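Below: one structure, written as structure tokens.
In what follows, every chain begins at residue 1, and chains take the letters A, B, ... in the order their sequences are listed. The model shown is predicted, which means the values in this text are computed figures rather than measured ones.
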Number of protein chains: 2
Amino acid sequence: MLKLSKKTDYGLMALQHIAANQYGDVARARVVNTKEIAEEYHIPLELLAKVLQTLAKSGLIDSHNGPKGGYLLGKNPREITIAQVLEILEGPLGIMDCSHEKEGDACMQREHCNIRTPLLKIQSSIYQLLNNMTLQDMMGGTPLITIQSVATEQQGVER
Amino acid sequence: MLKLSKKTDYGLMALQHIAANQYGDVARARVVNTKEIAEEYHIPLELLAKVLQTLAKSGLIDSHNGPKGGYLLGKNPREITIAQVLEILEGPLGIMDCSHEKEGDACMQREHCNIRTPLLKIQSSIYQLLNNMTLQDMMGGTPLITIQSVATEQQGVER
DNA sequence: CTTTTATACGACTCATTTGATCGGAGATCA
DNA sequence: TGATCTCCGATCAAATGAGTCGTATAAAAG
């Protein structure tokens, strides 16, 4: 079914959310934390945390520790592609096992394999597809989101 | 990693093999059985059998019972697409859980989901890609499709 | 400087999917 | 008719992914 994992789903949602708060309205740019995202999208907190940590380690986002901490984008949304996120969270893209095989460790079927070449072409096309859509594209016409519960209590403390 | 399952791998190999023996050299067209394919490509016999059964039930291939039995293509190789095989063996294509959701049973994230629309576009493109490559293409020297990017339309709209 | 609050990090458990296997039923050819 | 070969359905085991728990570390507030 070619389904992408929850990690990727959550990661993309989080990135979109962070980007929207950071670039959506420059006047109100702010740091968002894990808890806020988890509650907004009903994602298990600890799992989301793990995803964000992975993204932070890769440099896609920057983490800020302590109270008032959270995450900010490490790159311009225009430079972050879906393919990047996918590879960071799920490993290198490959529609078959032998996608990234070296010449030596081939699979059993390799010698008579009749589908490798055409499938590699498809894989290449899919990659190209994912690599052409950026976080910026995903933000598109998205209006700035209002966060009722969390925002109100933070707004009070903010200034 | 968007990897497709062994079932699909095996299924595609088998279909290619059947097609090659049936249409490759018309003078020597012949029925091939499960065992032959399994040995040729080093695939577990019983697993391959199950895959072929599924394909047969869907009408993609015709099964012939008894001694000298085996499988023949039920359609012209030109009419069999990778997308078909994939959907038969792995279920409907969908890169996210909410791909085929009805309006009612939405996921928790749905109400505030910010990535559904762009991902649906990508999914559509992938489907188109898989649906444009036929078994015929995989057999012969027929060159492949080129793919148009989903993001193009959105890339134009730079803020 | 101490306390409080938030993120960072690693190890672990549980569930789902996938891969693989077994025994039986039906059909064909000698 | 009978023996063989095939398809067929149900079942079992392994691998992957989803989600959880507990502790450590860092920064802000008092």
**Donor on one side chain, acceptor on other, Asn114(B) and Tyr41(A), under 3.5 Å** = yes

Non-neighbouring partners of [X] that pass side chain to side chain donor-acceptor pair (under 3.5 Å), sequence neighbours left out:
X	answer
Lys7(B)	none
Thr34(B)	none
Gln53(B)	none
Thr134(B)	Asp137(B)

Of the listed nucleotides [options], the one nearest the side chain of [X]:
X	options	value
Thr34(A)	dT21(C), dT7(C), dG19(D)	dT7(C)
Leu47(A)	dA20(C), dG19(D), dC8(D)	dG19(D)
Pro44(B)	dA20(C), dC8(D), dT6(D)	dA20(C)
Gln53(A)	dT6(D), dG9(D), dC9(C)	dC9(C)

Should [X] be listed as having a side-chain N or O under 4.0 Å from OP1 or OP2 of [N]?
X	N	answer
Asn33(A)	dT7(C)	yes
Tyr71(B)	dT6(D)	no
Tyr10(B)	dA20(C)	yes

**Request:** Would you mind listing the cluster partners of Leu72(B)? Hydrophobic ones only (ILVMFWY), side-chain contacts under 4.5 Å, chaining allowed.
**Result:** Val31(B)

**Request:** Starting at the 5' end of nucleotides 24-30 of chain D, put B wherever the base has a protein heavy atom under 4.0 Å, S where only the sugar-phosphate does, and a dash everywhere else.
**Result:** --SBS--

**Asked** Which residue, Lys3(A) or Glu46(B), contacts DNA chain C at a nucleotide closer to its 5' end, judged by nearest heavy atom?
**Response** Lys3(A)

**Message:** Regarding Lys35(B), tell me which of base, sugar-phosphate or nothing describes its non-hydrogen contacts under 4.0 Å with the strands shown.
**Reply:** nothing

